[in-house]
There are 2 protein chains.
Amino acid sequence: MNPTEFYKNLADDIRLKSILLIAQEGELCVCELMAALAESSQPKISRHLALLKSSGLLLTRKQKQWVFYSINPDIARWAQQVISLTLKENIDFITPHLQALHLMGARPERIASCCE
Amino acid sequence: MNPTEFYKNLADDIRLKSILLIAQEGELCVCELMAALAESSQPKISRHLALLKSSGLLLTRKQKQWVFYSINPDIARWAQQVISLTLKENIDFITPHLQALHLMGARPERIASCCE
DNA sequence: TAGTTATATAATAATTTTATTATAAAATGA
DNA sequence: TCATTTTATAATAAAATTATTATATAACTA
């Protein structure tokens with residue numbers, strides 16, 4: 001992934017917010033991102049996540065009926081630093097979405113892989 | 001400039017390379033960027049620069065017949081850090097363009113503002 | 001002043017990206 | 001098994017971005 005491709009991934013509101021929310025929370029499933037980004041439809045979010053996955057920025061883990069997305073730890077260090085710097089210095093950019101997320105009822109329970 | 005807008009500015013080859021070349025060199029005029037990005041036409045480069053200027057990322061200074069573009073020092077600190085981190089960790093991304101630039105004959109002389 | 005160099009802009013066409021709607025598939029649970 | 005929940009995908013439409021070509025402007029130079 002060259003720098004331009006990397007930044008194309010960040011150059012969209014839904015994609016950037018999803019990345020920052022996932023970076024903040026560790027991992028999130030599609031239904032949690034739907035709750036956080038309440039104004040966006042499910043296929044819209046799914047398509048953007050599919051894009052980020054196919055470019056190698058996100059990983060997925062399937063557990064029961066949920067698909068959890070996380071930041072791929074194998075992306076270049078500078079890219080990880082860009083994401084965490086952007087998150088740290090722009091919390092207000094995702095604050096309302098974090099609030100919506102934490103207000104969400106019935107969040108899927110996470111089961112550590114050791115106990116499945 | 002919110003984070004998404006900022007990253008839209010970086011999400012194009014000509015724009016990102018121009019930004020990194022300018023960050024590396026301090027300031028560059030359009031004809032120098034044309035020499036560096038030899039494969040791109042003048043109006044193409046001018047239009048992308050106009051975009052970056054209108055979004056507040058670049059400043060211009062006119063000296064004689066040339067227009068010199070530089071990074072606006074007033075953009076958010078995190079944004080400046082993103083640019084310098086990207087530059088530092090991806091020199092190879094612009095190396096051929098820096099070489100073309102330094103091979104360019106008759107680069108416009110810079111006159112410090114004190115001596116104009 | 002006429003020609004040249006450097007840069008910008010406008011009009012249009014081409015391309016790419018994004019959204020919408022409908023539907024499918026996979027897993028769960030009654 | 002049937003209904004429900006969660007997620008993905010496909011088809012199409014809509015919107016946004018980008019490229020191309022032509023032209024304009026401004027400054028310098030002979």
Side-chain angles (χ1 to χ4, degrees), chain A residues 4-19 22 27-55 57-70 101 104-111 116, chain B residues 4-19 22 27-55 57-70 101 104-111 116:
Chain A
T4 306
E5 292 171 49
F6 173 68
Y7 286 122
K8 280 189 183 176
N9 284 317
L10 310 196
D12 171 274
D13 237 51
I14 289 180
R15 289 199 299 274
L16 182 54
K17 284 177 174 175
S18 296
I19 290 169
I22 290 167
E27 64 172 13
L28 288 173
C29 69
V30 181
C31 62
E32 289 171 319
L33 285 165
M34 284 172 64
L37 307 168
E39 65 280 2
S40 299
S41 68
Q42 179 270 317
K44 202 162 140 182
I45 294 177
S46 272
R47 254 195 16 71
H48 283 291
L49 291 173
L51 241 156
L52 294 173
K53 184 186 179 183
S54 83
S55 84
L57 218 121
L58 296 183
L59 289 183
T60 57
R61 162 175 91 91
K62 178 139 202 177
Q63 178 196 297
K64 294 188 152 193
Q65 68 268 52
W66 300 290
V67 177
F68 290 95
Y69 284 83
S70 55
L101 174 62
M104 174 190 184
R107 286 181 67 181
E109 79 281 13
R110 266 130 250 248
I111 299 170
E116 277 172 301
Chain B
T4 307
E5 291 170 51
F6 173 68
Y7 287 122
K8 280 188 182 175
N9 283 317
L10 309 197
D12 171 274
D13 238 50
I14 290 181
R15 288 198 300 272
L16 183 55
K17 285 177 174 174
S18 296
I19 289 169
I22 290 168
E27 65 172 12
L28 287 174
C29 69
V30 182
C31 62
E32 290 172 318
L33 285 165
M34 283 172 65
L37 306 168
E39 65 281 2
S40 298
S41 69
Q42 179 270 319
K44 202 163 141 181
I45 293 176
S46 272
R47 254 197 16 72
H48 283 291
L49 291 173
L51 239 155
L52 294 173
K53 184 186 178 184
S54 85
S55 85
L57 218 121
L58 296 183
L59 290 185
T60 58
R61 163 175 92 91
K62 178 141 201 177
Q63 179 196 296
K64 295 188 153 192
Q65 68 268 53
W66 301 289
V67 177
F68 290 95
Y69 284 83
S70 55
L101 174 62
M104 173 190 184
R107 287 181 66 181
E109 79 280 13
R110 266 129 250 248
I111 299 171
E116 278 174 300

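Residue numbers start from 1 in every chain, and the chains themselves are labelled A, B, ... in the order their sequence lines are given, proteins ahead of strands.
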List the steps and the verdict of side chain to side chain contact (heavy atoms under 4.5 Å, CB included) for A/L28 and A/R107. CA-CA 10 Å; A/L28 288 173; A/R107 286 181 67 181; 3.7 Å; yes

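- The CD-C1' distance, from B/E32 to C/dT7, rounds to 14 Å in whole Å.
- One atom, CD1 of A/I14, and another, C1' of C/dT20, lie 12 Å apart when rounded to the nearest Å.
- Of the candidates C/dT17, C/dT18, D/dT18, D/dT18 carries the atom nearest the B/D12 side chain, counting heavy atoms from C-beta on.
- Considering only side-chain atoms of B/Q65, the nucleotide from C/dT17, C/dA6, C/dT7 that sits closest is C/dA6.
- Taking every heavy atom of both residues into account, B/C31 and B/M104 meet most closely at O-CE, 3.9 Å.
- Each of C/dT18, C/dA6, D/dT17 was ranked by its minimum atom distance to the side chain of A/R15; first place goes to C/dT18.
- Atom-to-atom, CG of A/D13 to C1' of D/dA16 comes out at 15 Å; the value is rounded to the nearest Å.
- In this structure, CD of B/Q63 is placed 19 Å from P of D/dA26, rounded to the nearest angstrom.
- One atom, NE2 of A/H48, and another, P of D/dT9, lie 15 Å apart when rounded to the nearest Å.
- Screening A/V30, A/V67, A/T60, A/L57 for a side chain to side chain contact (heavy atoms under 4.5 Å, CB included) with A/L49, the sole residue that qualifies is A/V30.
- Within the 3.5 Å criterion, the main-chain N or O of A/N9 finds a donor-acceptor partner in the side chain of A/R15.
- Atom pair B/L51:CG and D/dT17:P shows a separation of 9 Å (rounding to whole Å applied).
- Whole-Å rounding puts the B/L37 CG to D/dA19 C1' distance at 15 Å.
- Taking the side chain as every heavy atom from C-beta outward, B/Y69 and B/S18 never approach each other to under 4.5 Å.
- Minimum interatomic distance between B/L33 and B/I22 (heavy atoms only, all atoms of both residues): CD1-CD1, 4.2 Å.
- Of the candidates D/dA19, C/dT7, C/dT28, the closest approach to any side-chain atom of B/W66 belongs to C/dT7.
- Within the 4.0 Å cut-off from OP1 or OP2 of D/dT6, not a single side-chain nitrogen or oxygen of A/Y69 is found.
- Interface residues of residues 38-46 of chain B facing DNA chain D, ordered by number: B/P43, B/K44; criterion, heavy-atom separation under 4.0 Å.
- At whole-Å resolution of the value, CG in A/L58 and P in D/dA8 are 11 Å apart.
- For the atom pair A/C29 SG and A/M34 CE, the distance stands at 9.5 Å (nearest 0.5 Å).
- With distances taken from any side-chain atom of B/R47 to the nucleotides C/dT7, D/dA27, D/dT20, the minimum falls on D/dT20.
- Relative to the side chain of B/C31, the nucleotides C/dG29, D/dT7, C/dT7 differ in distance, and C/dT7 lies closest.
- Of the listed nucleotides (C/dT7, C/dG29, D/dT7), C/dG29 has the atom at the smallest distance from the side chain of A/K64.
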